[in-house]
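Notes follow the structure.
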Protein chains: 2
Amino acid sequence: MKLDARKQKVLEAIVIDYIATAEPVGSRTIARKYNLGVSPATIRNEMADLEEMGLIEQPHTSAGRIPSDTGYRYYVDCLMKRAIIAEEVQALIERAFQTKIKQLEDLIQIVGKVLSQITNYTALVLAPQIGKSTLQLIQLMLIEPGKALVVIVTDSGRIENKVLEIPENLTKEDLELVSKILNDKFKGISLNEWKQIMLRDLYSQLITQKKVLTLILELIDTILTVDNEDKVYLGGTLNILNQPEFKDVTKVRNLFELLEKEDVLRELLKDNSGDEVTVRIGTENKYEVMQDCSIITATYRLNGEVIGTIGVLGPTRMHYSKAVSIVEYLTQVLSLSIKKL
Amino acid sequence: MKLDARKQKVLEAIVIDYIATAEPVGSRTIARKYNLGVSPATIRNEMADLEEMGLIEQPHTSAGRIPSDTGYRYYVDCLMKRAIIAEEVQALIERAFQTKIKQLEDLIQIVGKVLSQITNYTALVLAPQIGKSTLQLIQLMLIEPGKALVVIVTDSGRIENKVLEIPENLTKEDLELVSKILNDKFKGISLNEWKQIMLRDLYSQLITQKKVLTLILELIDTILTVDNEDKVYLGGTLNILNQPEFKDVTKVRNLFELLEKEDVLRELLKDNSGDEVTVRIGTENKYEVMQDCSIITATYRLNGEVIGTIGVLGPTRMHYSKAVSIVEYLTQVLSLSIKKL
DNA sequence: ATTTAGCACTCAATTGGGGAGAGTGCTAAC
DNA sequence: GTTAGCACTCTCCCCAATTGAGTGCTAAAT
C-alpha cells in the first residue's frame with residue numbers, strides 16, 4: 001500500500017491524536033493541532049480516501065475518524081519512529097537493576113514490574129525454559145522415609161524444587177549417592193539432553209544399584225514433563241483498568257479470565273515471530289476477548305541464544321512508539337543482567 | 001439491643017431477600033414472600049421502628065429498605081443459623097483433597113481454589129508462619145564459589161529456598177558440615193527458638209570452625225527476618241466482578257489495588273479475634289475501599305495450636321450463613337489434612 | 001487541477017418533561 | 001394492635017426537542 005506524503009501525515013495525525021485522547025479525530029482538529037498547511041476541507045478529502053483504503057473508520061456518520069487495525073499496522077510498520085527513552089526512565093531502569101539479584105526469579109519480577117510501571121500497560125515476562133538451560137546443581141534429600149526433596153539449580157539461575165515419592169527403603173545415603181552421580185554426569189548439560197544420555201549411559205552405571213534406578217527414572221520424568229513449562233510473570237494487570245475502553249466490567253472480566261490462564265500467556269509470548277520486536281494488533285490476536293488489545297513482544301538472549309520473551313499488553317489504542325522502544329531496551333538490559341548472573 | 005419476635009422476622013426477611021436480589025425490599029414483598037401473617041401496613045410500622053434503631057435504611061424515600069451494617073451484624077450474631085452444606089459440595093471438597101498433596105503449598109492452593117469456587121467469593125488463605133513450625137530438614141549447597149543455596153523443610157510441609165552470599169573460601173564440605181550440625185541441633189525445634197539456642201549452644205561448638213560461624217549467623221538472620229512473613233494465597237478475585245455492587249470500574253480498581261498488597265491481606269486475615277469464625281462487616285473494616293465488603297475468617301490448627309487462617313471476602317450483601325458454614329467446615333478439613341502431611 | 005469556503009445533512013449526546021410504578025407515611029376505621 | 005385507604009415522593013424509563021460535532025458535496029477561488 002502506497003500513500004503520498006500528505007496522506008501519511010494525516011494518518012499519522014489521526015493515530016497519534018486518537019492514542020492521546022481516545023476520541024475520534026475530526027478534520028478541524030487535525031488542521032488546528034498538526035499544522036499541515038491545508039484547510040479542514042482538504043483533510044476531509046484525504047480522510048475519505050484513507051477510509052476507502054480501510055486505514056481509518058468512522059464510529060458513526062457524524063463522528064471523527066479512528067484508526068482501523070490495518071491503520072495501526074501501517075503506522076507501526078511505516079510511520080512510527082522509535083521514541084527516545086527519557087533520561088529519567090533510563091535512570092529508573094538502571095536503579096531497578098541495581099538491587100541485589102540473586103535468583104533468576106528476582107530478575108524476572110523486576111523486569112515485569114519496571115516494564116508495567118513505565119509503560120502503564122500490563123507486562124508479561126516469560127522466564128527461560130528450564131529444559132534449555134544447563135544443570136548447575138542437583139541435590140536429592142530425604143525428608144522422611146518414602147519422601148524425598150529434589151532441588152535443581154540451572155545456569156540461568158533458576159531454582160526448582162519438587163517433592164518426590166520414593167521407595168520406603170531408600171536411605172539418605174542412597175540419595176546422596178544418586179545426587180553425586182547425577183551431578184557428575186549432567187553438570188553443564190542441558191536438561192533436554194538428559195533423556196538420551198540417561199538411557200545410554202547411566203543405565204550401565206546404575207544397574208548395580210537397581211533400587212535407585214526406578215527413582216531416577218521417575219525423577220527425570222517429573223522434572224522434564226511437569227516442570228518443563230516456563231514460568232510466566234504477569235504484572236500491572238490493573239493498568240488495564242485505566243483505559244477508557246475497559247470501563248465495562250464484563251469486558252474486564254473476560255480479559256482477566258484469559259490472563260489467569262498461564263498457558264494462554266505462554267502462548268501469547270511464544271508466537272513471537274523471531275528476531276525483531278513483534279507487534280500484534282487487535283484482530284491479529286487469536287483470542288476474541290483480546291481483539292481490542294495489542295501485544296508487543298521481544299526476546300532476550302543468553303550467549304546468543306533466545307531464552308525468553310518479554311512483552312506488554314495494552315489497548316489497540318496503545319502508545320506504540322514508546323512501548324516498542326521500552327520493550328526493546330529492556331530486552332537488552334535483561335540479556336546483559338542474565339549474563340552477569 | 002432487644003427485638004421482639006416479629007421485628008426479628010422482618011429484619012431477617014429483609015436481610016435474606018436483599019442478599020438474594022440486591023434490590024431494596026418493600027413491605028409488600030415481605031408480606032407476600034415471607035408469610036408472617038400480617039399485612040404490609042403492619043410490616044411498614046415495624047420497618048419504621050427498625051429504621052429508627054439503625055438496623056435498616058432507605059436508599060431514598062420511595063424505595064424499600066436495605067440492611068445497614070449494624071443490621072447485618074444483628075443478623076449474623078442473633079438470627080443467622082449455619083447453613084447445611086449440601087452433599088455434593090461436601091463431595092466436591094473431599095474430591096479436591098484427594099488429589100496428591102505433597103507440599104504445604106499444594107494444600108494451600110487447593111483450599112483457596114475450593115473455597116472461592118464454592119462460595120463464589122474471593123478466597124484468602126494464610127499459610128502457617130514458618131517461625132512457628134519446626135525444622136524437619138535444612139541443607140546448604142554450594143552453587144558456585146561465594147554463592148550457596150539453602151533449603152528448609154518444616155514439619156508443616158513448607159519448603160523454602162534462598163540463595164546466600166557466602167565467603168568465597170567456603171567449600172562444599174564446609175557447607176555439608178554446617179548442614180549436618182544444623183540438622184542435628186535443630187531438628188524438631190521451632191524456627192523462632194533458633195536464635196536463643198544458637199547463641200548459647202552453637203557458638204561453643206562452632207568456634208572451632210570460625211569461618212563458618214559468620215555464615216550461620218547470616219543464614220539464621222536471613223531465614224528469620226526476610227522469610228518469616230507468611231505466604232498468602234488469594235484466589236477467585238474475579239468473583240468480585242460478579243457482584244452488582246462492583247459494576248463500577250474505579251471501585252473494582254481500588255479494591256484490587258488493595259488486594260495486591262500482600263501485607264494488607266496478611267493483616268486482614270490476622271486480626272481474627274480468636275477461636276471462633278470471625279465476621280467483619282462493611283465499615284467494621286479499617287480500609288476505606290473495603291467498606292462495602294465483608295470478610296469471614298477462621299483459623300486452622302496443627303496439634304491444637306493455631307497455625308493459619310482462611311477467609312472469604314465478598315460484598316456486605318454476602319450470603320453469610322452459607323459462607324460461614326463453608327469457611328468453618330474447610331478449616332476442619334484443612335487441619336486434618338495438614339496433620340496427615 | 002487543487003484547494004477552499006459554504007452549506008445542508010446526519011447522528012450521538014444531552015436535556016427536559018410526563019407518565020408509570022414502587023413504596024412509603026399517615027389517618028381513620030376495624 | 002392491626003389494617004385498609006389514600007395522598008405523596010421518588011426513581012426509572014420513554015419520548016421529543018435541541019445542541020453540537022463532524023461530514024460530504026458543490027461551487028468558487030487559486
Side-chain angles (χ1 to χ4, degrees), chain A residues 2-11 13-18 20-68 71 244-245 247-248, chain B residues 2-11 13-18 20-68 71 244-245 247-248:
Chain A
K2 274 272 168 194
L3 293 186
D4 64 62
R6 195 168 62 192
K7 280 197 177 54
Q8 290 194 346
K9 279 198 173 167
V10 172
L11 176 58
I14 292 173
V15 171
I16 290 175
D17 205 76
Y18 185 63
T21 64
E23 297 287 331
V25 189
S27 53
R28 258 183 68 92
T29 316
I30 295 179
R32 208 175 346 105
K33 283 212 271 185
Y34 306 83
N35 35 357
L36 309 193
V38 291
S39 77
T42 314
I43 291 173
R44 276 206 288 284
N45 288 328
E46 300 288 25
M47 281 161 79
D49 293 349
L50 287 171
E51 182 162 12
E52 207 167 313
M53 289 185 248
L55 293 169
I56 58 179
E57 45 199 33
Q58 251 179 321
H60 55 264
T61 352
S62 73
R65 305 303 213 290
I66 62 177
S68 68
E245 28 271 274
K247 67 181 195 303
D248 177 20
Chain B
K2 273 274 172 196
L3 294 186
D4 64 62
R6 195 167 64 192
K7 279 198 179 52
Q8 290 194 346
K9 280 196 171 168
V10 172
L11 177 58
I14 291 173
V15 172
I16 290 175
D17 206 75
Y18 185 63
T21 64
E23 298 288 331
V25 189
S27 53
R28 258 183 67 91
T29 315
I30 295 178
R32 207 176 346 105
K33 286 213 271 186
Y34 307 81
N35 36 357
L36 309 193
V38 290
S39 75
T42 314
I43 293 173
R44 277 206 286 286
N45 288 329
E46 300 290 25
M47 280 160 80
D49 292 350
L50 287 172
E51 183 162 13
E52 207 166 315
M53 290 184 245
L55 293 169
I56 58 179
E57 44 198 35
Q58 251 179 321
H60 55 265
T61 357
S62 73
R65 305 303 214 289
I66 62 177
S68 68
E245 29 270 275
K247 67 180 193 304
D248 177 22

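Only this structure's heavy atoms are used, side chains among them; waters, hydrogens and symmetry mates stay out. Throughout, protein chains are lettered first and strands after them, A, B, ... in sequence-line order, and every chain is numbered starting at 1.
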Do A:S27 side-chain atoms and A:I43 backbone N/O form a donor-acceptor pair below 3.5 Å?
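No; judged by distance alone, with no hydrogens or angles, the pair does not exist.
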Without swapping roles, check the side chain of A:S68 against the backbone of A:G54 for a donor-acceptor pair under 3.5 Å.
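Side chain of A:S68 to backbone of A:G54, a donor-acceptor pair under 3.5 Å: yes, one is there.
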With the threshold set at under 4.0 Å for non-hydrogen atoms, list the residues of residues 20-36 of chain B touching DNA chain D in residue-number order.
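Within this stretch, nothing sits under 4.0 Å of the strand.
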Excluding sequence neighbours, so at least two apart, what forms side chain to side chain donor-acceptor pair (under 3.5 Å) with B:E23?
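Not a single residue meets the side chain to side chain donor-acceptor pair (under 3.5 Å) criterion with B:E23.
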How far apart are the closest heavy atoms of [X] and [Y], and which atoms are they?
X     : Y     : result
B:P24 : B:I66 : CA-CG2, 3.7 Å
A:V10 : A:M47 : CG1-CG, 4.0 Å
A:A31 : A:S39 : CB-C, 4.5 Å
B:Y18 : B:V25 : N-CG2, 3.8 Å
A:L11 : A:L50 : N-CD1, 4.0 Å

Got a sec? Which of residues 46-58 of chain A come in under 4.0 Å of DNA chain C, heavy atoms?
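None - not one residue of the stretch has a heavy atom sitting under 4.0 Å from the strand.
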Need one value for A:A41: base, sugar-phosphate or nothing, where a base atom within 4.0 Å counts as base even if backbone is also close, heavy atoms only.
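Counting heavy atoms under 4.0 Å across all strands, the contact made by A:A41 includes a base.
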For A:I43 and D:dC25, give me the distance from atom CD1 to atom P, rounded to whole Å.
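Atom-to-atom, A:I43 to D:dC25, this comes out as 18 Å.
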Expressed as a whole number of angstroms, how long is the span from A:N45:CG to D:dC25:C1'?
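The distance from CG of A:N45 to C1' of D:dC25 comes to 10 Å, rounded to the nearest Å.
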What's the spacing between B:I16 CD1 and B:Y34 OH if we round to 0.5 Å?
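If I round to the nearest 0.5 Å, the distance is 6.0 Å.
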Enter the distance from B:I14:CD1 to B:I30:CD1 here, rounded to the nearest 0.5 Å.
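With rounding to 0.5 Å, CD1 (B:I14) is 4.0 Å from CD1 (B:I30).
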Take the C1' atoms of the five end pairs on each side of the helix from C:dA1-D:dT30 to C:dC30-D:dG1, get both axes, and report the angle to 10 degrees.
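What I find for the helix from C:dA1-D:dT30 to C:dC30-D:dG1 is an axis angle of 20°.
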Taking the side chain as every heavy atom from C-beta outward, state whether A:T42 and A:L36 have any pair of such atoms under 4.5 Å apart.
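Side chain of A:T42 against side chain of A:L36, heavy atoms only: no contact under 4.5 Å found.
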Does a side-chain N or O from A:T42 land closer than 4.0 Å to OP1 or OP2 of C:dT3, or not?
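For C:dT3, neither OP1 nor OP2 has a side-chain N or O of A:T42 closer than 4.0 Å.
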Between D:dG1 and B:R6, is there an OP1 or OP2 to side-chain N/O distance shorter than 4.0 Å?
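Checking B:R6 against D:dG1: no side-chain N or O falls below 4.0 Å of OP1 or OP2.
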Between N or O atoms, less than 3.5 Å apart, protein on one side and nucleotides 6-10 of chain D on the other: list the pairs.
{"residue": "D:dC10", "atom": "O5'", "partner": "B:T61", "partner atom": "OG1", "Å": "3.1"}
{"residue": "D:dC10", "atom": "O2", "partner": "B:S62", "partner atom": "OG", "Å": "2.7"}

Residue pairs, two or more places apart or on separate chains, that pass salt bridge (charged side-chain N to carboxylate O under 4.0 Å, His left out) and touch residues 37-55 of chain B:
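Counting only pairs at least two positions apart or across chains, the salt bridge (charged side-chain N to carboxylate O under 4.0 Å, His left out) contacts touching residues 37-55 of chain B are B:R6-B:E46, B:K7-B:E46, B:K7-B:D49, B:E51-B:R65.
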Give the intermediate values and the outcome of side chain to side chain contact (heavy atoms under 4.5 Å, CB included) for residues A:L3 and A:L55.
CA-CA 11 Å; A:L3 293 186; A:L55 293 169; 3.8 Å; yes
